[in-house]
Amino acid sequence: MAVERTLAILKPDCVKKNLQGEVIARIQKAGFKVLGFKMIRLTKEAAGAFYAVHKGRPFYDGLVEFMSSGPCVPIALEKENAVADFRTLIGATDPKDAAEGTIRKLYADNKGENIVHGSDSPENGKIEVAFFFSGSELV
Ligand code: DAT
Ligand code: MG
C-alpha cells in the first residue's frame with residue numbers, strides 16, 4: 001500500500017471541549033505519523049475557501065460560521081493508506097451513523113459539529129495539507 005498524506009482538523013468543538021489531547025492520542029495510537037500541527041483561528045474567508053466544494057449546499061453558511069467560531073488544530077498526517085484509514089478512525093459524518101469506537105461516535109454532538117475533519121482522497125490530502133502547511137512546517 002502507498003504511503004499517503006491526509007489532513008486532519010480538530011474542529012472548534014473539539015478545542016472548546018478540551019479534547020485535543022485525547023483525539024491526538026487516538027490518532028497516534030492508530031499508527032499515524034504527525035508531520036505538523038498548529039492551532040489557528042480561521043477567518044470566514046479561509047473557512048469558506050477550505051470548504052469551497054460545498055458552496056451552495058444548505059449547510060454551507062453554518063459550516064463556515066462554525067469553522068470560524070474559534071480556534072482549530074490542523075494536523076498533517078502520514079501513513080500507509082492514510083486517507084481511508086483515517087476516515088475509518090473518525091467514522092461517518094453524522095455521529096448517529098458512525099461506528100462504535102470511532103472518534104465522531106465517541107465525541108461528536110451532531111452532523112454539523114463533528115469534532116474532526118479528514119481528507120476524502122489522496123489527491124485532496126495533498127491539497128489540504130498544503131492549504132495549512134508550508135514545506136518547512138512538515139518535519
Ligand atoms: P466529511 O466531513 O465527513 O467529509 P462532508 O465533506 O460531506 O463530510 O461535509 C463537510 C462538513 O460539512 C461535515 O463534516 C459537516 C458539514 N455537513 C455536511 N453535511 C451536513 C448536513 N447535512 N448538515 C449539517 N452539516 C453538514
Ligand atoms: Mg469531506
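None of the values given here were measured: they were computed from a predicted structure. Both counts, for ligands and for their atoms, begin at 1 and track the order of listing.
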Would you mind checking which non-hydrogen protein atom is closest to atom 9 (O) of ligand 1, with the distance to 0.1 Å?
His54 NE2, 3.4 Å
Can you pull out the closest protein heavy atom to atom 3 (O) of ligand 1? Residue, atom name and distance to 0.1 Å, please.
Thr93 OG1, 2.5 Å
So is there a nitrogen or oxygen of Arg87 less than 3.5 Å from a nitrogen or oxygen in ligand 1?
yes
Is it the case that the side chain of Asn114 and the backbone of Thr93 share a donor-acceptor pair, with hydrogens and angles ignored and the cut-off at 3.5 Å?
yes
How far is atom 24 (C) of ligand 1 from its nearest protein heavy atom, and which residue and atom name does that atom have?
Phe59 CB, 3.7 Å
Salt bridge Arg87-Asp120, side-chain N to carboxylate O under 4.0 Å:
no
Given that the side chain starts at C-beta and the backbone is N, CA, C, O, which of these parts of Glu113 lies under 4.0 Å from ligand 1, counting heavy atoms, or is it both or neither?
neither
Heavy-atom nearest neighbour of atom 21 (C) of ligand 1 within options Lys111, His117, Arg104
Lys111
Report yes or no: does Ser68 contribute a side-chain atom to a donor-acceptor pair with the main-chain N or O of Val64 at less than 3.5 Å?
yes
Rounded to the nearest 0.5 Å, how far does OH of Tyr51 lie from OH of Tyr60?
11.0 Å
Tell me, which pairs form a salt bridge (Lys or Arg N to Asp or Glu O under 4.0 Å) where one or both residues lie in residues 6-29, sequence neighbours left out?
Lys17-Asp109
Please state which part of Lys11 comes within less than 4.0 Å of ligand 1, counting heavy atoms only: side chain, backbone, both or neither.
side chain
Closer than 4.0 angstrom: is that true for some heavy atom of Leu63 and an atom of ligand 1?
yes
Protein residue, atom and distance nearest to atom 25 (N) of ligand 1, heavy-atom basis
Gly112 CA, 3.5 Å
For the side chain of Glu4 and the backbone of Pro122, is there at least one donor-acceptor N/O pair under 3.5 Å apart?
no
Parallel, tilted or perpendicular: which one describes the rings of Phe50 and Phe131, with boundaries at 30° and 60°?
perpendicular
For Phe133, is the NZ or CZ atom of Lys38 found under 6.0 angstrom from the centre of its six-membered ring and inside 45 degrees of the ring axis?
yes
Which ligand 1 atoms, with their elements, are less than 4.0 angstrom from a heavy-atom of Asn114?
13 (C), 14 (O), 15 (C)
Could you check whether any heavy atom of Met67 sits closer than 4.0 Å to an atom of ligand 1, since that is the contact criterion I want to use?
no
